[in-house]
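The sequence lines fix the lettering, A, B, ..., with proteins before strands; numbering per chain opens at 1.
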2 protein chains.
Amino acid sequence: MTDKNKITIYDVAKKAGVSRQTVSRVLNNRQDVSAETRKRVQEIIEGLSYHPSAIARSLSRQKSYIFGVVTAGLKYIGPSRTLSGITSKAEEMGYGLLLKELASFSANNVHPLLGWLQSHQVDGIIWAAPEIEDNRNWLGDLLPEIDIPIIFLTMEKREDVSIVSIDNYLGARMATEHLISLGKKNIGHITGPLDWWEARQRKLGWEAALSDAGYKPSTHMWAEGNWSSRSGKIAFIELLEKFPGMDGLFVGNDQMALSVLRTAFEQGKKIPDDLAVIGFDGIPESEFYCPSLSTVNQNQNALGCIAVEELVRLVENKFMADDVIEPKYITILPELIIRQSSQTP
Amino acid sequence: MTDKNKITIYDVAKKAGVSRQTVSRVLNNRQDVSAETRKRVQEIIEGLSYHPSAIARSLSRQKSYIFGVVTAGLKYIGPSRTLSGITSKAEEMGYGLLLKELASFSANNVHPLLGWLQSHQVDGIIWAAPEIEDNRNWLGDLLPEIDIPIIFLTMEKREDVSIVSIDNYLGARMATEHLISLGKKNIGHITGPLDWWEARQRKLGWEAALSDAGYKPSTHMWAEGNWSSRSGKIAFIELLEKFPGMDGLFVGNDQMALSVLRTAFEQGKKIPDDLAVIGFDGIPESEFYCPSLSTVNQNQNALGCIAVEELVRLVENKFMADDVIEPKYITILPELIIRQSSQTP
DNA sequence: TTGAAAGCGCTAACAA
DNA sequence: TTGTTAGCGCTTTCAA
């Protein structure tokens with residue numbers, strides 16, 4: 001390790017025989033520096049392998065080029081895919097990321113977290129944790145106090161904030177209508193945990209598709225899971241009992257669908273003939289389930305990318321002009337992927 | 001939004017009728033403040049909902065309480081599980097995280113990235129991207145220039161840096177020995193991409209277990225995949241041809257094992273009687289494969305946690321004392337999970 | 001084209 | 001127990 005005396009702009013200036021401002025101008029690519037001086041300074045910067053302190057810059061510019069990201073459930077694939085979209089787009093747009101993962105999905109006490117982000121002068125916040133129960137209640141109280149642009153992911157439309165969401169309702173409709181188009185007449189549904197907004201939206205889409213086709217969704221036709229494969233199995237067994245005529249099944253996510261496929265196999269049910277199955281998410285493995293799983297693909301990577309793009313818009317606008325941008329509700333369309341589990345023979 | 005004039009320590013001081021220093025003392029919980037003054041200042045802080053600027057603090061203290069995290073492949077479950085361990089432990093230890101995801105696993109040009117982290121004065125760096133090909137070559141050149149403690153995840157032992165690794169070699173041995181203990185005599189292997197250090201370690205473990213048991217590993221007994229389910233299928237088909245007597249198979253990860261199970265089913269091979277299969281990783285879904293998959297569980301969450309703990313040790317030591325800590329190579333033991341795919345009938 | 005002075009918001013060292 | 005003075009490393013006036 002080299003000695004700890006870090007090199008500052010002052011060292012560069014001294015060595016170059018110019019003032020610190022001049023070095024600063026070179027660093028910021030200003031035009032008012034003679035070519036000659038610029039070159040000399042640049043060489044010295046190289047030679048000293050000097051890195052200007054981003055922290056000092058942030059302080060003096062009052063802009064950090066850092067976004068705060070609040071996420072939850074990184075050990076699941078969905079949130080990480082979104083995060084991956086966020087990192088790549090943020091990199092592209094020249095922003096760094098300060099990451100916080102909530103201890104639980106439904107974490108409610110966001111006050112200290114917001115304070116922390118504020119104190120770190122993030123230029124904007126991406127709220128990528130899902131909407132569950134009342135974990136958006138803080139918005140009413142705290143939002144007015146925050147002077148930092150925020151963009152939310154996957155939550156119910158509100159007038160006062162910008163949101164990017166995948167259209168879960170539409171995806172569920174598409175899935176259900178697809179099963180109907182197969183000639184299935186008794187279509188069940190395994191929901192996600194219904195305190196999740198996304199799970200409720202998917203259930204609504206299923207109900208709407210059934211109603212539109214002249215069927216009446218009712219309680220014996222659905223069961224609630226919690227996204228996990230284990231819960232999917234339990235819900236499926238429950239459904240087999242209370243909805244014996246079921247010939248089609250829309251499952252709230254792919255992981256639950258995995259154990260549906262397996263349990264159906266164990267029980268001698270033929271898929272898709274006896275029972276057509278479609279999942280939700282489009283995780284890469286679902287193509288290799290046995291049989292391969294039809295699913296509704298949601299592009300979570302794009303979700304993250306779009307969130308960053310929109311946030312950059314909000315932020316740059318705040319710094320440049322003073323005309324407030326209207327909050328937007330941006331919707332991403334899901335996409336149907338048909339595979340063996342719901343293929344017409 | 002409230003007005004943009006942010007509240008500073010000066011505003012608090014003025015309102016409380018004390019100096020900024022006194023406010024600073026209250027903020028930092030110093031003892032040399034009268035109870036009375038402290039209380040008054042605290043109330044004003046509350047009332048103004050004042051958040052001290054972490055950026056200004058970092059600048060003046062020369063310590064940011066931020067770690068840089070370099071990761072790759074967040075869209076895959078492994079890296080995200082590790083990241084999740086990192087976030088939770090960092091939170092617990094009072095550190096924030098500045099996140100960078102490499103554009104590709106094998107990204108080689110880390111120079112600007114290191115510069116960026118340095119300029120942001122991170123107190124330490126967690127290098128969580130995997131070791132592939134020559135993407136550790138920069139260590140020799142750049143490491144001496146970096147004055148920031150770094151901890152690396154899952155890479156080959158070196159004397160000059162601290163490393164936390166899961167013992168891939170041992171895990172592979174355990175898996176293979178387990179198959180041997182079942183009475184299997186012709187045990188194949190589907191490797192990960194062999195430019196990955198982890199994949200090579202697993203292959204070595206498989207070879208060692210075979211040799212120790214008196215079998216001779218040879219080229220016709222293994223095939224190379226790239227971690228994906230699709231590649232697993234291709235490799236399996238290749239193996240079926242060139243190693244027809246195969247009655248046991250150690251697969252480099254669970255996703256590839258998924259398509260092995262499926263392909264075996266399609267070909268009428270009975271698992272585990274005709275072919276016993278074991279994977280690697282222990283992803284939650286593997287329990288619900290059909291049949292459920294035996295696997296070597298690697299606790300990636302713990303990997304992240306331990307990395308943070310060790311890094312905190314390095315960092316605090318650097319700030320407190322000046323005696324250099326010896327680099328450590330910490331190893332995490334994997335764990336065998338036996339399920340249907342390798343169960344004695 | 002360059003430099004001097006002031007300030008970003010905070011803390012450390014010293015005085016009172 | 002409190003306040004004063006400097007300074008963290010940079011950028012932004014303004015003047016030369």
Side-chain angles (χ1 to χ4, degrees), chain A residues 4-42 44-45 48-66 115-116 118-123 147 319, chain B residues 4-42 44-45 48-66 115-116 118-123 147 319:
Chain A
K4 63 205 65 173
N5 314 322
K6 43 190 65 90
I7 308 141
T8 75
I9 197 171
Y10 186 75
D11 302 313
V12 178
K14 199 162 65 180
K15 188 153 183 186
V18 297
S19 73
R20 294 174 303 170
Q21 320 340 308
T22 305
V23 178
S24 172
R25 288 186 182 106
V26 172
L27 287 176
N28 293 287
N29 267 315
R30 291 283 164 67
Q31 284 321 302
D32 46 0
V33 183
S34 73
E36 191 184 10
T37 311
R38 179 187 308 274
K39 194 174 164 216
R40 185 154 38 91
V41 171
Q42 270 165 342
I44 289 171
I45 288 178
L48 260 37
S49 68
Y50 158 72
H51 295 285
S53 157
I55 254 176
R57 280 182 140 166
S58 301
L59 185 60
S60 107
R61 295 208 267 231
Q62 296 295 89
K63 174 144 167 69
S64 63
Y65 288 93
I66 298 282
W116 189 84
Q118 262 186 292
S119 86
H120 281 271
Q121 324 255 102
V122 296
D123 291 338
D147 189 33
F319 276 80
Chain B
K4 65 207 64 175
N5 313 321
K6 43 191 65 92
I7 308 141
T8 75
I9 198 172
Y10 185 75
D11 302 313
V12 178
K14 201 160 63 178
K15 189 151 181 189
V18 296
S19 73
R20 294 175 300 170
Q21 199 39 237
T22 304
V23 178
S24 172
R25 288 189 182 106
V26 172
L27 287 176
N28 293 289
N29 268 314
R30 292 282 164 67
Q31 284 320 303
D32 48 358
V33 184
S34 73
E36 191 184 13
T37 310
R38 180 189 305 275
K39 197 176 162 212
R40 185 153 41 92
V41 171
Q42 270 166 342
I44 288 171
I45 288 177
L48 260 39
S49 69
Y50 158 72
H51 295 285
S53 157
I55 256 177
R57 282 181 138 165
S58 302
L59 185 60
S60 122
R61 289 185 181 149
Q62 296 295 85
K63 172 143 167 74
S64 63
Y65 288 94
I66 298 282
W116 190 83
Q118 262 186 292
S119 85
H120 281 270
Q121 324 253 104
V122 296
D123 291 340
D147 189 33
F319 275 80

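- When the shell of 6.0 Å around NZ of A:Lys63 is examined, it contains more than 12 heavy atoms from other residues, nucleotides or ligands.
- Proximity of a side-chain donor or acceptor of B:Ser58 to a complementary backbone N or O of B:Ala54 within less than 3.5 Å is detected.
- Qualifying salt bridge (Lys or Arg N to Asp or Glu O under 4.0 Å) partners for A:Lys14, counting only residues two or more places apart in sequence or in other chains: none.
- Along DNA chain D, read 5' to 3', the first and last nucleotides having any atom under 4.0 Å from a heavy atom of chain A are D:dG9 to D:dT12.
- With hydrogens and angles ignored, the 3.5 Å screen pairs no side-chain donor or acceptor of A:Ser119 with any backbone N or O of B:His51.
- Close approach of DNA chain C to chain A, defined as any atom under 4.0 Å from a non-hydrogen atom of the protein, starts and stops at C:dT1 to C:dG9.
- Annotation: side chain of B:Asp123 is not in contact with side chain of B:Ile66 (no heavy-atom distance under 4.5 Å).
- Within the 4.0 angstrom heavy-atom criterion, only backbone atoms of the sugar-phosphate kind lie near A:Gln62; the bases stay farther away.
- A 4.5 Å side-chain heavy-atom check between B:Ile44 and B:Tyr50 finds every atom pair outside the cut-off.
- The backbone N or O of A:Thr22 sits nowhere less than 3.5 Å from a side-chain atom of A:Arg30 that would complete a donor-acceptor pair.
- Between B:Arg20 and B:Ser60, the residue anchored nearer the 5' end of DNA chain D, judged by the nucleotide with its closest heavy atom, is B:Arg20.
- Evaluation of the side chain to side chain donor-acceptor pair (under 3.5 Å) rule for A:Arg40 yields no partner, not counting sequence neighbours.
- Non-hydrogen atoms lying under 4.0 Å from DNA chain D are contributed by A:Asn28, A:Arg30, all within residues 25-42 of chain A.
- The side chain to side chain contact (heavy atoms under 4.5 Å, CB included) test with A:Ile9 singles out one residue from A:Val26, A:Ile45, A:Leu27, and that residue is A:Leu27.
- Without hydrogens or angle criteria, B:Asn28 side chain to B:Arg25 main chain gives no donor-acceptor distance under 3.5 Å.
- A heavy-atom distance below 4.5 Å is not found between the side chains of A:Ser64 and A:His120.
- Counting heavy atoms from C-beta outward, B:Leu48 and B:Lys15 have side chains that approach closer than 4.5 Å.
- Looking at heavy atoms from C-beta onward, A:Gln62 lies in side-chain contact with A:Gln121 at the 4.5 angstrom threshold.
- End-to-end axis angle of the helix from C:dT1-D:dA16 to C:dA16-D:dT1, using five pairs per end and rounding to 10°, comes to 40°.
- Nucleotides of DNA chain C nearest to B:Gln21 and B:Ala56 differ in position, and the one nearer the 5' end is that of B:Ala56.
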